[in-house]
Amino acid sequence: MFYIHCPYCDEYRDEEEFAPKGQAHIARPEDPESCSDDQWGAYLFFRDNPRGIHHELWVHAIGCRKFFNITRNSASYEILETYRMGEQPRFSAEHPEGKPAEQGAAVNVADEAGMVAGQEGVKA
Amino acid sequence: MNQPNRLRQGGRIDRGRTLSFTFNGKRYQGHAGDTLASALLANGVDLVNRSFKYSRPRGIVAAGAEEPNALVQLGSTEAAQVPNVRATQQALFEGLTAQSTNGWPNVQRDVMSLVGKLGGRFMPPGFYYKTFMAPASMWMTYEKYIRKGAGLGRSPMENDPDRYDHLNQHCDLLVVGAGPAGLAAALTAARAGARVILCDEQEEMGGSLLASRELLDDQPAAQWAEQVISELAENDNVTLLPRTTANGYHDHNFVTLHERRTEHLGEAAPTVDGVRLTRSRMHRVRAGQVLLATGAHERPLVYGNNDVPGNLVAGAVSTYIRRYGVVPGNKLVLSVSNDHAYRAALDWDEAGRDVVAIVDARRHPDGELVEQARARGIRIIEGSAVLEAKGDKRVSGARVATIDAAAFKVTGQAELLECDTIASSGGYSPVIHLASHTGARPTWDEEILGFVPSLVKGVHAAGSARGVHDLAEGLADGAAKASEALAALGKSASAIEPPRAETIREGEACALYQVPHEKPTLRAPKQFVDMQNDVTAAAIELATREGFESIEHVKRYTAMGFGTDQGKLGNINGMAIAARCLGRSIPEVGTTVFRPNYTPVTFGAIVGRHCRELFDPERYTALHQWHVENGAEFEDVGQWKRPWYFPRKVNGKLETMDEAVARESLAVRTGVGILDASTLGKIDIQGPDAREFLGRVYTNKWAKLAPGRVRYGLMCKDDGMLMDDGTTSCLGENHFLMTTTTGGAAGVMEWLELWHQTEWPELQVYFTSVTDHWATMTVTGPDARKLLSEITDIDLDREQFKFMDWRNGKVADVPARVFRISFTGELAYEINVQANYAMHVWKTLFEHGKKYDLTPYGTETMHVLRAEKGLIIAGQDTDGSVTPEDLGMFWAIGYDKPFSWIGKRALTRPDTARKDRKQFVGLKPVDPKVVLEEGAHIVVDKDQPIPMDMLGHVTSSYYSPNLESGFALAVIKGGRDRMGEKLYVPMPDGQAHEVEVVSPVFIDPKGERQHV
Amino acid sequence: MQRYSGFGLAKHALSHHENWQRQWRNPTPKKKYDVIVVGGGGHGLATAYYLAKNHGITNVAVLEKGWLGGGNTARNTTIVRSNYLWDESARLYDHSLDLWKGLSQDLNYNVMFSQRGVMNLGHTLQDMRDIQRRVHANRLNGVDSEVIYPDQIKEIVPVIDTSKRARYPILGASWQKSAGVARHDAVAWGYARAADALGVDILQNTEVTGFKIRDGQVYGVHTNRGDIESKTIGCVTAGNSGVVAKMAGLTLPLESHPLQALVSEPLKPVLDTVVMSNHVHGYISQSDKGDLVIGAGINGYLGYGQRGSYTTVEHTLQAIVEMFPIFSRVRMNRQWGGIVDTCADACPILSKTKVKGLFFNCGWGTGGFKATPGSGHVFAASLAKGEMHPIAAPFSIDRFNTGALVDEHGAAGVAH
Amino acid sequence: MSDITYGKVATFNTHPDASIPKESPLSVAYNTGSVPAATSGSGVLFKEQAFLGHLILRGGAIVLDEAVRKVLGISLPGQPLGLSLDESGERSVQWLSPDEWLVIVPGGEELDVEQRLRDALGDAHYAIVDVSGGQTLVSLEGEKVRELLMKSTNYDVHPSNFPVGKAVSVVFGKSSLVLRRPGEERYELVLRRSFADYLYRWILDAGAEYGIGVQR
């Protein structure tokens, strides 16, 4: 029963309010028509499925209804961070202790007005 | 004296309140404050149950949650039955009625015990796997008899009279266990102003302090506990939960606490002020930090016939004497490996009964308690252990000899000591269950000879729960750990000054689990490890011989630890025996993994109030009450209650569904009908990019839809499969109203947000659900215009207000948006009004509709009518493997739209582009009386032997009073090329219906009726 | 191999059970095998057994990182049925059901396959359409299956509530009489013992840490006990398949999710068949020991922790008490979790890969136990021949690129 | 015409003449369920504030803030989960998400408020949607309200976490609702119409032991 910090509501809320939506950072190919069948299949179905640090997409379904990302250890279930759409994770399999500050969490959208701006690069 | 083992004084029971109870049909008396177990022992009831596999007589072994034997069936009425209640945890109440769970015809004279005695040796572990295989056909018969022996207690056969509920709790610090460490911890946190929850599974808080010999601040320890508890009770930030077991530890410090609110009051919950109390309550706690002060379980020694009634763990003896004023026997032999357990003999002695001997496995025991026992003249037999208990239904003696524990052998001549009670102690296992629920593996601590918990973030352990057994140290540990826990939350709390406790110097304990016997284990008298599942040391040895080397294998092969006690007494002993047999150390053999629950929890408590009429929400439209009052039968669609059909009374008889549906459909085709369509999902879409967005999520084109117009659209997932459909209306250049299927509403809303938030945030558009805001009434049929024109100011002229237009105005004096769209193929108007006014509009329509015989219809008629028109229902005619092309809806596919809309790319994959995919067609039974079964499959050759080649299946099928024939919709391989072909639908009775493949549009293929 | 029989048991009893042999050896890994099976669960052990028994390939190693049968084999709710919707899956599961029927005798190990019948309840009109569709398909595929209605359901399961009182009243069910349950651990042990007797090396505590691949051909594995060579390797690693595939540079079209189950305390027999409900979402049977064995739902997030969300357990018990109100006072003893590898179409992967000689058998999701014999049987044939067995062929990885999914979702939301 | 087109968006006056009868989302509950009377011993008082105007506001905070202040005299809540009320307490603005707010005004004012907001917002990108028919406001008062809420939602309703001026969307029973704390002694629930009957029954069942009373 996870306790999840919603980066938009800015507080911890119970897992019951959220829904997991699979692996994070899977961008729809820019030009679907030029994709091969294998590329399209990869986009639709093939997943990293790691044991360990994993980035996943969740939605605060009963709450602010915003989608956001969670970096979570799929074995221990520890949540290392949550971050808004368009932001990059600080923790990853390559950086389990977190990237140094200057590289990580570059976009920290604190004010609501910055919301839309912060979403650019969502597809990354 | 009717309670022969009750002491004249002492204990925490209320001698002024005598309670009667019935056990196995016989009446007894006990006192308020007793458990069922203490009351049975007070009355000298030795035999409380029969064992599961061998039907051996069993008595009470322990005094708490670890009790493996004393399981009873509680309840005097059928509805109040509770199976498998642990007598050691059941508070006595007036009129309590209990029975042994095993034993037939009764626990004293049990027929099955013969089987156990004679057949026991034919039932080694795994014997099921090795037998009952021949002949193969007999297994089900064998199994029938095996099943007869299954189970402990029995399920009630009537519905539960009781209610349960949940309470969601949050706190800074959850302290589990109100013994010395827990109380010190809670006090530390409470005084620092933290939000604290303190729970304890027992009837009374205080844990070991309630039966302790030690003084705290020169008073009895229980008094200190009382003072602390009353201070905590005064504090608004502290929640005290006695009778509350922390049964499961879930991720991120989510702990479930099962509070038994009324089980000490009666077998069913009492009623107060007309409201029945909840029998138990599950506290769903999210704790900032958790401190486990769960204490330790004493390990009994494993020796021959250690299951005969009269064998107890040493600490239980002390508890019964000191807490309940009950001495469970007359002559005690105490077999120990440590000093701590000497307390049992001292307590026994002080109760005025005979301590025959203390048999100590250590050569030279020398602690303070040993000295005290010596000083009292108690015989101490050193370097020895009880090899074997004598007796059948009660211990009659103990065979004692010197042993070499390390070499696992008996070194001296056995001596038989006459006694009626054998208490044993092989050390103390910290209660690590909750910590282990988190997935953290416990580690073996050689110093305390036990597993200590590994702790994930946010969890702390204190006192005996981590092997700190000394009272003074435990108190200090609790306070210190609480202060650490709060520090982790960024709160400072200085540890309380613990009360003064004398430190008793204890000698070193020795490691002893299974006591050696003169005979090898496989030949020795049964030495029980897990009494509830009748697992013996021999069984474990045999398992290891057969190659089961992992402790998990041993447990599964022997069933050790799979009882309702989850091996609280036996698991460590079992591991030690496996380790001995394999020549490994205990940690090499493995750790034990505990799962929730710590002790079993009533289903009802987990369910809470989510049952009966509150099991799942019922969603109602604004017109629901009218439907109920007008006799509607309802269909469950998602959580909605939708009218299914409206049976009328005809000649005093209620119509069947077929009759009602025939009447309703004819009314729509020939007069006018009305449907409550409010359940359709409705999404308001605003923004300059709304149109672009629609073009991306729908398969068809939206660029040119003008305000005032409506269009039907198909929505796919990116795998090209249909997901939902509906109409979307253009309300303004940048403003649309989308409708979805009833079941798809929430999913589509989230789908739009998903794409907007994650892929196309640059599109300026907002979505808002307005499903509940609008009530929707569909008035349809040739007379629809006439009816509506009576009560609207909207110009309904066919040229002014065309098919697929929408207009606004007033209907029944209420502002309305009216959409001229049709799901029946008839002239139809969908009237949308703000839901608060819906009932007025609906009733006004009926007032004016009387002369047209306005007929309310439900979902069934709606299905028939739309099927006659060949209109699909997403989810019925499609199943997640159907593309818009499969449906033949090429007119709704915008192949040349500039943006590669969701689902488009997938359509050209090799399998999706196949020409012989299953395609949507109509079927007409050659015999018009035939109504095909929905779900039936279609074949070319009705005489083909099984397995038959199936072309597809019937997705929708009805009788049409308009066609005067059955008709169906289906998906069939290459269906569009099969028009006119005759195919077959084989039925279970061997018949096959002949059908003709036709267009799915059965009525008005040109669509003239809806355009009138 | 020491034959097991009732008579033999009696003989052993007289010698105080001192002469039982090991059920399998604890061998030292050889340098090289003809076939390596990665994963010592039911499916892997069955694969090894059929390789040896049906194809004469006995120089086989089964590599198990923990204890054999310790994964999902030990954690499932033991339901065995074959009433699947699509031809491809019906063939696969019915093939398996056929093997179940003689399995105890074949292995000389009583796996306690108990054909006590399985019913899948329908609570809505759409449920009933789906049930009809599946039952009709089953019948034409030769799979035992019928539709039954509330009166018949009540007759088979007297303790179920078929009244209209229910929030979602029971409208009917599909009923497969020949389906049932089996003793899960015994399946792993029986296969292990029989495979071992035919010469298969079962290597426990042997963890694969990497693959040896040259020019697109696999030729061995790295393990914690040294390198082992083979040019044919079948990975049967269930929830860990994604992790294993990654070692070979492969990505699979699946995700590993937590799936939970729970048992009540042992009760005197009260429920003789398996009852499953897709709609209110719970399923239940009673074991020969008396426990009510209850399956909970799958969680939507990735999870290798063998734990799931508590709300899932709550919802499951709510469903059980809704269907069986008399169980409200019964108590839940224990819960646990497994790791299930699920594909988008709720069907398994039995497939070659881009790496020559490297095969995968995974993606069984929530329904792998029932397939154990059939899966092992066709996978062994595929490994032996180097070509996928016809029953296995539709389940290739390629289907996720061509679109030829075998979508069992509609038919089996609770696909156990 | 009830629709008034504001540039490229249509607004709609949903209200007929005051003489037309209307039914709140709780009408089925009142008509067919139990309606326990409030007594002096009632630990919880349930009172519906029916037929209020409910608007959903979408857009950027900075843009909307100015317009909302101008029209309603209330600042947009500056923080997530904020709830602002005007002096009378009759009008409120609640944060729902970073670009979504719930405005509640006396019944019948909603179209006027919407139009004035639209006037103030001009060409900015925003959305305003009337949802008044789809939900209803309920107030809960009494010393046992907090415990009733704890039975129903996993949100931490302790005053330290849920002070006056906070509002959250939460799981409630098996449904969901908006929970608000406009005053020390007062909690508010915003119920969705189609779930209202279920939620009412849930609340009454949970409140039975506190002698819950319904004021109509």
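Since we're looking at a predicted model, the values are computed, not measured. In what follows, every chain begins at residue 1, and chains take the letters A, B, ... in the order their sequences are listed.
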Where does B:R279 contact chain C at under 4.5 Å (heavy atoms): side chain, backbone, both or neither? side chain
Do B:F548 and C:W24 make the cut of ring centroids closer than 6.0 angstrom? yes
Which portion of B:T438 sits near chain C, non-hydrogen atoms under 4.5 angstrom: backbone
Exercise: identify the closest heavy-atom pair between B:P617 and C:Y168: O-OH, 4.4 Å
For C:D291, which residues count as a salt bridge (Lys or Arg N to Asp or Glu O under 4.0 Å) partner, sequence neighbours excluded? none
Pick one of side chain, backbone, both or neither for B:P125, based on which atoms fall under 4.5 Å of a heavy atom in chain C. neither
Per-residue contact mode, C:D185 against chain B (heavy atom under 4.5 angstrom): side chain
Salt bridge (Lys or Arg N to Asp or Glu O under 4.0 Å) partners for C:E64, two or more places apart: none
Is it the side chain or the backbone of B:E933 that comes within 4.5 Å of chain C heavy atoms, both, or neither? side chain
Charged N-O contact under 4.0 Å between B:R523 and C:E18: yes
Would you say that more than 12 heavy atoms from the other residues, nucleotides or ligands in this model lie under 6.0 Å from the NZ of C:K101, or not? yes
Can you say whether C:R183 sits under 4.5 Å from chain B via the side chain, the backbone, both, or neither, judging by heavy atoms? side chain
For chain B, find which of C:F113, C:Y109, C:W189, C:F324 contributes the most heavy-atom pairs closer than 4.5 angstrom. C:W189
Note: B:E546-C:R22 ion pair, threshold 4.0 Å (strictly below): no
Using non-hydrogen atoms and a 4.5 Å limit, figure out which bit of B:M140 sits close to chain C: side chain, backbone, both or neither. side chain
Heavy-atom proximity to chain C below 4.5 Å, by part of B:N247: neither
Salt bridge present between C:R167 and B:E613 (N-O < 4.0 angstrom): no
Do C:R329 and B:E158 sit within salt-bridge range, that is, some charged N less than 4.0 Å from a carboxylate O? no
